[in-house]
Structures are given as C-alpha cells and as structure tokens.
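So that the names make sense, note that chain A is the first sequence line, chain B the second, and so on, each numbered from 1.
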Number of protein chains: 2
Amino acid sequence: MTTSPAVSVIVRPPAAGARGRADPCLTCEARPHSVCHAIDERSLERLASIAVVTHVAPGKTFIVEGDPAGEFCNITAGTARIYKLLADGRRQITGFAQRGDFLGLAVSSTYAFSAEAIDEVSLCRFSRRNLQALLADFPAMERCLLEVASNELVAAQDQMLLLGRKTARERLASFLVAQLQRVEAGGQSGDRILLVMTRTDIADYLGVTIETVSRTFTRLKADRIIALPDIRTVVIADRARLNEAAEAS
Amino acid sequence: MTTSPAVSVIVRPPAAGARGRADPCLTCEARPHSVCHAIDERSLERLASIAVVTHVAPGKTFIVEGDPAGEFCNITAGTARIYKLLADGRRQITGFAQRGDFLGLAVSSTYAFSAEAIDEVSLCRFSRRNLQALLADFPAMERCLLEVASNELVAAQDQMLLLGRKTARERLASFLVAQLQRVEAGGQSGDRILLVMTRTDIADYLGVTIETVSRTFTRLKADRIIALPDIRTVVIADRARLNEAAEAS
DNA sequence: CGTTATCTTGACGTACATCAAATGTCGTGG
DNA sequence: CCACGACATTTGATGTACGTCAAGATAACG
C-alpha cells in the first residue's frame, strides 16, 4: 500500500523534440503495439505534434483518481499499476499497463483510477481536445480504440470471475497463465516469467493478502507446478497442471 | 445456478415488419437510451432494415459463452443477467443488461459471456457484417459505442474493487446505491428499488452466497437503513448511512 | 556490511461458506 | 377460495479458507 508523495515527471518539450529530428512517432517501438498503428505513416507528423513524451520514475503516481481528466496517455515503455483505493486504504489493482496500453479513455470529467509507475515508465500524453480532433480525422484510430476497449472489457469480465468466484490457488494460477500468454504474445515463447511487480501488487490484483500469495506460491512450488529460482522469476515446470489449477474455463 | 436448457426465441421477420408500417426504430422507446440515438432520424430506415427484433422468455439463454459471436444485440425491454461460469458450475454475474444496453462488443470470434433473460426481454439483433457496414457510414455511432464501452470499463473497475476488497455489507450497500442511481437516472426519483433479480442473482453478482445476501439484508433492515415491505422491493430509509455503508470512495 | 524493505513461515482469529431446516411466496387446480 | 406443491428466502449450527498478527529469512542498497 505504497502512498506516493506527488507526481514528479520529466517532460521533454514536444515541438522542439519533434521538429529537430526525424519524426519520433515513426521510430516509436510502441507504435505497432498501440492504437497509433491506425494512423498511416504520412500522417504521423501530426500525431507527433500533439504527443508529449514523458518519463515517470519508479513509484511515482502519474494519474490520480478523482483529478480532472484532461489527458489521455499511451504507455511506451515500462509497467504501471492501475488501481483504486477505498477510504481506509484498501487497494484493488485493476490491471498492469504496459507498452501500447492506453489510459484515461473514460468519458467522465475525472479519472476513475490512479496509475503509478512500477519501474521506469515512458509515455505519450495527449490532451483530450487534441485527441478528439485527431480522432475526427482518423476514424480508423477511433475504431482501433473501440477494439482495445472491447478487449479490455472482456479481460475485466474474466477478472470479475476470478475475484468473485476463484480460490486463492486458482487466482494465482490464472495470473501466471495470463502473464505467460502476455510473454508469448510478445513473440518470445518460453517457460519463464519475469515479474516486475511485487508480491503486494499481485495480492492487491488478485484480491487476497500478501501472505496468501506467498503461501500459494510455496504450495505451487511444492506441487512441482512452478519453480522460483529467484523471487522475480517464475519457471513453469508443468504447464498442463498450471492450466488445470487456473480452472481455465 | 439456473442452467437453462436451450435458446428458444420468437423472431419477428424484419423485412415484413419494417415494410408494413411506420419505421419501428423511429418509435422505439429504447432509442434515446441506446447507441441508436447516434443515427439521425432520416437514416433510421436503414437501421431498421438490418435490425431483427426478438423476444426472449424468462429464464431462456440467448447468448452462450464460447459460441461463435455472429451478432450484436441491443436490449430494448426487460433485464438480462450477463454471466460467466467455471467448469464446476460456479457462476459470476458480471452485470445486469437493461433497456439500451449493447451486448457482444468483443472483437473476438466467440462470445466471452452468456446472457439469460430474467423477465420478458426484447432485443434487436444485428449481424456483425451489417453493423460494421453501418458503423463505417455513421462514425457518430462508432464514437457513441466507444463512449459506452469506456463507461462500462469504469463500471467494471468499480466492480473489481467491490469483489476484491469490500466486505459483504459494503457489497450489498454498494449494489443498492447503484440500483438507486439507475432508477434516478431513469427520471423518476424516489427512495425505493424494485428488484427484478433473485437473491441468487444478487449473490452471484456480488461474489458471495445467497445466505450471506439474505443475512446482510436482514442486518441492514435491523439497522433501520432499509425496509423490505416485500421481497422484491427495497425502501431506502436512511440514504446517508447507506452511502456510508457502501464505502462510496 | 549494517540497514531497510521484501518475502516467507507459523500461530491463531474471523468473516463468510456450507449444511440443514424452517418459513414464506406463488402458481395451479380442485 | 383454499389446499397443495415447488421453489425462493430466511435463519441457525458448524466448518474452513483466508485474514491478521508476529517473528524470521532473504534480498536490496547505500
């Protein structure tokens, strides 16, 4: 339950950055993974002109729930925890945002969640006004956003099933399966996961306590389903039984 | 955990229905509440030509998780439970769809959830092909769908917080507050809620058992926060304390 | 290498689940 | 109108998975 002090970001001025050298959007590594790929290469300059590149240090909060939602942002590197808090400090992490993920879609005038950098995070900010103008000119991007939102909705329903009905063991197994799929979707297959988030993050994502996460890890290890060479890496020793344990429906 | 036998719907042929009398979309009571309002009145005929009006009897399942997702649908009357099942029958209701709600947005080729009529449900079906063509011609409708999806995403995050971190009492109070807001959004204010869903539905929506729902209702009643004149109506006796109990963050 | 944060493990408590039975509700037909 | 059955809901007794509290073990870091 880390309470970050204040937002503290390093902003590279967009105009100066975009004008001086080759279009930054053209060479952006995150573009193929994000909604920006909906814009053709010739129009990328326009995209670059409204994007503000920002870097956030680990542990820093860059979106605060309840603040006026003036900007959207697109993660280009690193991982952020997306979460909501109750008045007494209970925290629910609703997702981990990574390269290509788009934050702040909500129509409401205030953010419905907070976002905090786990490791070093890079992102592009777009003001609501600018983005809306852009969307009007590029319907393909709007369609792409709709697809992204739809997929997130499906993921959210999966997570509701997990939080409402699965046991601690099923929750952790489901989490590991999902992490593994994310690795595989990124090209490199393999049987290992590198966890950027802490046990506390995993606990707050799965709706259990840190002790339960730890004990469940230990039990999966005892059952030879996983191995934990070090704290941050999980080796999947028996994928079939992991899927079983996840109640993959 | 009602397992409905099979889909059984009454379909009114669209062409015949649409041609014979005034454009059904023009007089549709659900239009102002749904994405259909994004289409101007002169173009409604086109909308009507691709919509298939369907009626579903109480208890009948009209969308089955895992089935090929050939159609979208728009609820025009009644209430449906949207849910996911685990292999052993555990159920999580992810939402209650009502007039104006749009189902089946997901990009995937199969439905990610099941939908079952609670009371008599009326809906419009659109084939994926037809709707995509329509969206291409009416970007306003696409924008509207994006807004709807964004709002649902916010609601989903709220529900994750509820399922992951709230106590049974907080869950039920939150549910009642949300139901009350839905009534108020529909124009008529008031201090009473008419529940179309059963206690089992509420339990599966809140991630607890039916016994816990019942006991929690009894306790809220004992605390003079609500009254239950009959099983399906909840009278809010003390709104302030209900909000408190919901941990409205 | 101390210092501090993170993680694991153990002992114990509790909110909610499970099992079981009583009570209430509603439709149906005599 | 009332009796009956089927089902939904409430209530009670008891069990348990997970939470809480507390102490070590490990890893991270200046």
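Look at CZ on A:R199: it is 4 Å from P on C:dT8, rounded to the nearest Å. Nucleotide D:dC7 holds its P atom 16 Å from the CD1 atom of B:I231, rounded to whole Å. Rounded to a whole Å, the CG atom of B:L220 is 13 Å from the P atom of D:dT11. Protein atom CZ of B:R219 is 13 Å distant from nucleotide atom C1' of D:dT10, rounded to whole Å. Look at CG on B:L163: it is 15 Å from P on D:dC18, rounded to the nearest Å. If you take CD1 of A:I202 and P of D:dC18, they are 17 Å apart, rounded to a whole angstrom. Atom CG in A:D119 sits roughly 16 Å away from atom C1' in D:dA28 (whole-Å rounding). What separates NZ of A:K221 from P of D:dT26 is a distance of 11 Å, to the nearest Å.
A donor and an acceptor atom, one from each side chain of B:S114 and B:K84, are nowhere located under 3.5 Å apart. With 3.5 Å as the limit, one finds a donor-acceptor pair spanning the side chains of B:E116 and B:Y83.
The side chain to side chain contact (heavy atoms under 4.5 Å, CB included) with B:T216 is formed by just one residue from the set B:L172, B:T167, B:L206; it is B:L172.
A:Y205 has its ring centre less than 6.0 Å from the ring centre of A:F175.
Of the residues in residues 206-215 of chain A, those placing a heavy atom less than 4.0 Å from an atom of DNA chain D are A:G207, A:V208, A:T209, A:E211, A:T212, A:R215, in numerical order.
Residues B:V121 and B:D119 are in side-chain contact: their nearest non-hydrogen atoms beyond the backbone lie under 4.5 Å apart.
In terms of modelled atom types and a separation under 3.5 Å, the side chain of B:D230 and the main chain of B:R232 share a donor-acceptor contact.
Comparing B:T218 and A:A168 by the nucleotide of DNA chain D that holds the closest heavy atom to each, the one mapping nearer the 5' end is B:T218.
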